[in-house]
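Presented below is the structure to which this report refers.
Values below: every heavy atom of this structure, side chains too, minus hydrogens, waters and symmetry copies. Start at 1 with the first residue, then count along the sequence.
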Amino acid sequence: MARLDISMSADEERSFLEVADTAVLSTLGRGGFPHCAGMWFAPVDDELQMWTYAKSQKAVNLRRDPRCALLVERGDTYNELRGVLVRAEVRLIEDHEAIVQIGTALAQRYTVPATGEAAARPVEDEIARQAAKRIGLALPLRRVVSWDHSKLG
């Protein structure tokens, strides 16, 4: 019996990741147990970018061990479930301007659609202020597993 392939194509994965969902980022704690946190992310070229406070547990974990996984899943019933799992070695971004760009991309992706208002100058100033306490995280989209249960028929 042939096995049914329910994986998404690369184009389907890209389209799926264009929706502003909350992802779950899993890092490895000192004792080896997973540490999971909800994250906003922005697709940029062939990676997913996000930011976090430089002193956060996930940042501490990633400095010690850059291996992580990021899960994005959606669907209300079993036959609607679709998801993307990215396994990566994170690239830490510590350049202030690059972190500001990530913060701006996240604001445009999540905050602007929710409020219906374009980012104003004070918002840009707030992003720059927050960026001083944050690091950027970039996950390359090289090791991706995906599924689309609607393909089950």
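Smallest separation of non-hydrogen atoms from Ala138 and Pro140: O-CD, 3.6 Å. Here the shortest heavy-atom pairing between Leu81 and Gly75 reads CD2-O, 3.8 Å. Between Ala131 and His96, the shortest heavy-atom distance links the atoms CB-CE1, 3.6 Å. When all heavy atoms of Val100 and Ala128 are compared, the closest pair comes out as CG2-CA, 3.9 Å. The two atoms that bring Thr52 and Ser56 nearest to each other are OG1-OG, 3.0 Å, heavy atoms only. Contact between Trp147 and Glu73 at its shortest, heavy atoms only, is NE1-OE2, 3.1 Å.
Annotation: Arg63, atom CZ; neighbour count of heavy atoms from other residues, nucleotides and ligands within 6.0 Å is above 12. Atom CZ of Arg142 is surrounded by 12 or fewer heavy atoms from other residues, nucleotides or ligands within 6.0 Å. In Arg64, the CZ atom is crowded: over 12 heavy atoms of neighbouring residues, nucleotides or ligands sit closer than 6.0 Å.
The hydrophobic clustering, which links ILVMFWY residues whose side-chain heavy atoms are closer than 4.5 Å, places Ile6 and Leu71 together. Both Val144 and Val90 are part of a single hydrophobic cluster, where members link through side-chain heavy atoms under 4.5 Å apart.
Between atom CD1 of residue Ile99 and atom CD1 of residue Ile127 there is a gap of 13.0 Å, rounded to the nearest 0.5 Å. Distance check, rounded to the nearest 0.5 Å: OG of Ser9 to CG of Asp148 gives 9.5 Å. From Ile102, atom CD1 reaches atom CD1 of Ile135 across 9.5 Å, with rounding to the nearest 0.5 Å. Here Glu89 contributes atom CD and Arg143 contributes atom CZ; the two are 7.5 Å apart, rounded to the nearest 0.5 Å. Here the CG-CG distance, from Leu4 to Leu152, works out to 6.0 Å after rounding to the nearest 0.5 Å. The distance from atom CE of Met50 to atom CD1 of Ile93, rounded to the nearest 0.5 Å, is 9.5 Å.
Although no hydrogens or angles enter the test, the distance criterion places a donor-acceptor pair under 3.5 Å between the side chain of Tyr110 and the main chain of Asp21. Side-chain atoms of His149 come within 3.5 Å of backbone N or O of Tyr78 as a donor-acceptor pair. Between the side chain of Arg109 and the main chain of Val19, a donor-acceptor pair closer than 3.5 Å is present. Put simply, the side chain of Lys151 gets close to the backbone of Ser7: a donor and an acceptor are under 3.5 Å apart.
Between Thr27 and Gln57, the closest side-chain pair of non-hydrogen atoms is not below 4.5 Å. For the pair Lys58 and Met39, the minimum side-chain heavy-atom distance is below 4.5 Å. Two residues are said to be in side-chain contact when any heavy atoms from C-beta on lie closer than 4.5 Å; Leu92 and Pro66 fail this criterion. Contact of the Trp40 side chain with the Thr22 side chain is registered, since non-hydrogen atoms from C-beta on lie closer than 4.5 Å. Here the side chains of Phe41 and Leu137 are not in contact, with every heavy-atom distance at 4.5 Å or above.
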Under the side-chain contact (heavy atoms from CB on, under 4.5 Å) rule, what do Leu62 and Cys68 come out as? Steps first, then yes or no, please.
CA-CA 8 Å; Leu62 290 167; Cys68 64; 3.9 Å; yes
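Side-chain N/O atoms of Glu126 and Gln130 include a donor and acceptor closer than 3.5 Å.
A salt bridge links Arg91 with Glu47; the closest basic N to acidic carboxylate O contact falls under 4.0 Å.
Among Val72, Leu25, Leu141, the one residue that satisfies the side chain to side chain contact (heavy atoms under 4.5 Å, CB included) test with Val86 is Leu141.
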